[in-house]
Amino acid sequence: MGFSIIGTGKSVPGHVVTNEMLSRFLETNDEWISSRTGIKNRNVITDETLLGLASEAAEAAVSDAGISVADIDMIVVSTLQGDFVSPALSCLVAQKIGSSADKVFDINMGCCGFVFALDLADTYLSAGKAECVLVVCAESLSKLVDWTDRSTCVLFGDGAGAVVLKKSDNKAEIITKIEGGYENLYIPGRMGNSPYAVKKDGSEYLAMNGREIFKFAVSSIVEDIGTVLENNSLSCEDVSYFLLHQANLRIINFSRQRLGQPEEKFPHNVENYGNTSSASIPILLDDLNKQGMLKKDDLIVFSAFGAGLARGTCLIKWGR
Ligand code: UT7
């Protein structure tokens, strides 16, 4: 038993921020951002809510799947932070789209959230505890980065991507791993105002050692893709598309070169959206799906890396 992805959707905020716009208030420029990351634009929340984006992506995926919301019996939302600390964003999405699914929860696995959510959904589907799962990845990094720190804020964007999974005979191969630790990439938690807590100095925003994450990303992508293919007696040549977490075009290209594959098998849209954390792969998948690029029985690999340090790679067969 496994699953098929039967529908995809996405939603991004309307406000597009170009590299040139960033250079008006940061010591940066289009040349640096483009050449080091490939990023040109990102969408940033103004008056939208993350619930709104997540629900729009979810509704688009349900519509693409050609099913009714009533068919969904499980909802997993991947997010670093919803509009509220509590309730979970998934509970709000369920209400907003009119779902009465009873297995509903959030996961917080950073940029790997999509692959970890697929693994969770696959486990429920295989165990017979769900038949049709909605996975929504919704992220608002613009609220978590320091907009005075040019080394991080230029990299990220906001958005949501969603997929509908249905139980099928297509067995998915998924590997997830974590190294633990926070030093190279973290976002501090809320300090609160407890009169007893010993206050610590420090930024409340995302902090990252970009070079270390870069090295971790390329080595884990290459190793984990090799593992999922070997476990299935496949080679890179058998795979139609490798959809990597969209963080940096150089990471995508280094990984592709190490795997000896042509550019067209590593589609990317990081130039349009920046790094939208866990939403990046489902947004890319939706772009490819809506462009009619995916054919039945295509083998597709998803591979992500991020805070945790976490990594996740998944091999699926495309088909409805
Ligand atoms: O989803 C997972 C999250 N994270 C990632 O995927 C990040 C992975 N890492 C990366 O993508 C890259 O390491 C970065 C894009 C973050 C940085 O690229 P880099 O080539 O590793 O640059 P660097 O950090 O070594 O910085 C090089 C220089 C520094 O100046 P000095 O010390 O050489 O004078 C930085 O201060 O570039 C400077 N710099 C900038 N200059 C203009 C850093 N940010 C900027 C900027 N504009 N926005």
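Counting begins at 1 with the first residue of the sequence. Atoms within a ligand are numbered from 1 in the order they appear, just like the ligands themselves. Since the model is a prediction, treat every value here as computed from it, not as a measurement. Values below: all heavy atoms of this structure, side chains included; hydrogens, waters and symmetry mates excluded.
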Point to revise | Residue that, paired with Ser140, satisfies side chain to side chain contact (heavy atoms under 4.5 Å, CB included) out of Leu53, Ile45, Leu80, Thr49 | key: Ile45
Review point. Going by distance alone, is a donor N or O of one side chain under 3.5 Å from an acceptor N or O of the other, for Asp158 and Ser142?
Key: yes
Practice item. May I ask you to say whether Glu263 pairs ionically with Lys265, meaning some side-chain N is under 4.0 Å from a carboxylate O? Key: no
Check your understanding: What protein heavy atom sits nearest atom 16 (C) of ligand 1, and how far off is it?
Key -> Leu155 CD1, 3.8 Å
Check your understanding: Any side-chain donor-acceptor pair under 3.5 Å between Thr46 and His15?
Key -> no
Revision key, fill the gap. Looking at Trp32, Phe156, Phe216, Phe214, the heavy atom closest to atom 17 (C) of ligand 1 belongs to Trp32
Review point. Out of Arg211, Gln246, Met208, Glu27, whose heavy atom sits nearest atom 23 (P) of ligand 1?
Key: Arg211
Review point. Nearest protein heavy-atom contact for atom 11 (O) of ligand 1: which residue, which atom, what distance?
Key: Asn248 ND2, 2.7 Å
Review point. Out of Arg150, Glu31, Arg36, Glu212, who gets a non-hydrogen atom closest to atom 19 (P) of ligand 1?
Key: Arg36
Review point. For the rings on Phe266 and Tyr241, is their centre-to-centre separation under 6.0 Å?
Key: no
Review point. Of Leu26, Thr37, Asn19, which has the heavy atom at the shortest distance from atom 15 (C) of ligand 1?
Key: Thr37
Practice item. With heavy atoms of Thr28 as the reference, note each atom of ligand 1 found under 4.0 Å away. Key: 42 (C), 46 (C), 47 (N), 48 (N)
